[in-house]
Amino acid sequence: MSHSRTDSTDVDKWDRGLTEHVVALTRPIVKHYFRSEVRGLDNVPDGPSLVVGNHSGGLTTFDLSVFAVDYYDRFGYDRPLYALGFDTIFAGPAGDFLRRTGVIRATRENAAKALAAGAVVLVFPGGDFDVYRSTLQETTIDFGGRTGYITTALDANVPIVPAVSIGGQESQFFLSRGRWLARALGLTKLERKLFRTDILPISFGFPFGLSIVAPVNMPLPTKIVTEVLPPIDIARLAEVSDIKRLDAHVRWVMRKGLKELAAQRRFPVVG
């Protein structure tokens with residue numbers, strides 16, 4: 001997570017009216033097209049917490065929308081939901097819109113301020129590495145070695161609430177992150193500099209068929225189910241473990257929960 005003098009203003013830009021409007025617009029998409037369910041919201045504690053999720057669906061991911069619709073239906077708008085996002089998605093006019101709907105840059109200052117205000121903060125630590133994992137690795141929890149979320153929870157002294165989701169990685173057939181292709185084309189250094197990534201994802205879907213980053217295929221109407229697991233008192237565990245082991249423990253809990261969720265799924269896409 002990077003630092004910026006203006007980070008402290010991101011949290012203050014949340015706009016309740018605009019957020020209600022966006023949730024109303026996305027509700028038919030997630031509830032009818034993706035037939036989404038979010039289970040276990042009672043596991044979200046009353047105070048501040050860091051919700052940690054696996055990320056699915058490629059460029060057209062609906063993870064945040066699926067969670068946000070049920071979150072606001074359950075808790076209302078007096079308790080804003082913030083989601084951490086990488087700097088690259090804030091370029092251009094979209095940046096202000098995202099901040100006003102609770103998507104804030106993934107900096108320690110932003111996370112700390114939101115948590116200090118008693119908010120629920122949602123983070124997908126795996127980012128692009130996770131969201132482009134192979135469809136055959138749908139139940140894999142791998143954040144690519146990113147452990148900043150552990151430090152964020154410890155610094156704020158808040159619990160980590162794991163949230164696992166199944167179905168998003170079936171919205172098209174994800175074949176590879178394409179790291180080998182990025183290296184072969186000599187794009188790795190340039191990609192890291194411009195986009196903070198070193199992948200060229202390869203997928204197959206409708207209507208364009210094979211896609212390497214672009215064109216972007218339309219997501220299939222796959223059923224998406226998210227389950228919120230019991231909170232983890234990360235501060236208590238920190239007394240007997242280090243950052244890497246804490247990360248391994250959180251991922252183990254999530255992997256177990258995700259496999260149990262996958263076992264309930266009868267068919268791909270259909271659910």
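Just so we're clear, the structure is a prediction, and the values are computed from it rather than from any experiment. Residues: numbered from 1 along the sequence shown.
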Ignoring hydrogens and geometry, is there a side-chain-to-backbone donor-acceptor pair from [X] to [Y] under 3.5 Å?
{"X": "K31", "Y": "S36", "answer": "yes"}
{"X": "Y72", "Y": "T19", "answer": "no"}
{"X": "T107", "Y": "N110", "answer": "yes"}
{"X": "T101", "Y": "F97", "answer": "yes"}
{"X": "T61", "Y": "S56", "answer": "yes"}
{"X": "T26", "Y": "V22", "answer": "yes"}
{"X": "Q169", "Y": "V131", "answer": "yes"}

- Item | Interatomic spacing from OG1 in T135 to CG in L175 - rounded to 0.5 Å | 7.5 Å

- Decide whether a cation-pi geometry holds between R177 and F129; the criteria are a distance under 6.0 Å from NZ or CZ to the six-membered ring centre and an angle within 45° of the ring axis.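 Yes; both conditions hold, so R177 lies above the ring face of F129.
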
- Task: Start with the C-alpha distance between R100 and D96, add both sets of side-chain angles, then the distance that settles side-chain contact (heavy atoms from CB on, under 4.5 Å), and finish with yes or no.
- Result: CA-CA 6 Å; R100 291 174 63 197; D96 184 60; 3.4 Å; yes

- Item | Option among D247, D130, D128 that satisfies the salt bridge (Lys or Arg N to Asp or Glu O under 4.0 Å) test with R146 | D128

- Item | Summary of ring pair (Phe, Tyr, Trp, His ring centres under 6.0 Å) pairs that have at least one residue in residues 201-254, sequence neighbours excluded | none

- Option passing side-chain contact (heavy atoms from CB on, under 4.5 Å) with I166 (candidates E260, K223, E138):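 That would be E138; it is the only one of E260, K223, E138 passing the side-chain contact (heavy atoms from CB on, under 4.5 Å) with I166.
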
- Query: Is it true that F124 and F143 have ring centroids separated by less than 6.0 Å?
  - Reply: no

- Message: Apply the hydrophobic cluster definition, ILVMFWY joined by side-chain contacts under 4.5 Å directly or through others, and give me every member besides V270.
- Response: F267

- Message: Just to verify, what does S203 make a side-chain hydrogen bond (donor to acceptor under 3.5 Å, both in side chains) with, not counting sequence neighbours?
- Response: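 Checked S203 against side-chain hydrogen bond (donor to acceptor under 3.5 Å, both in side chains); matches are Q172.
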
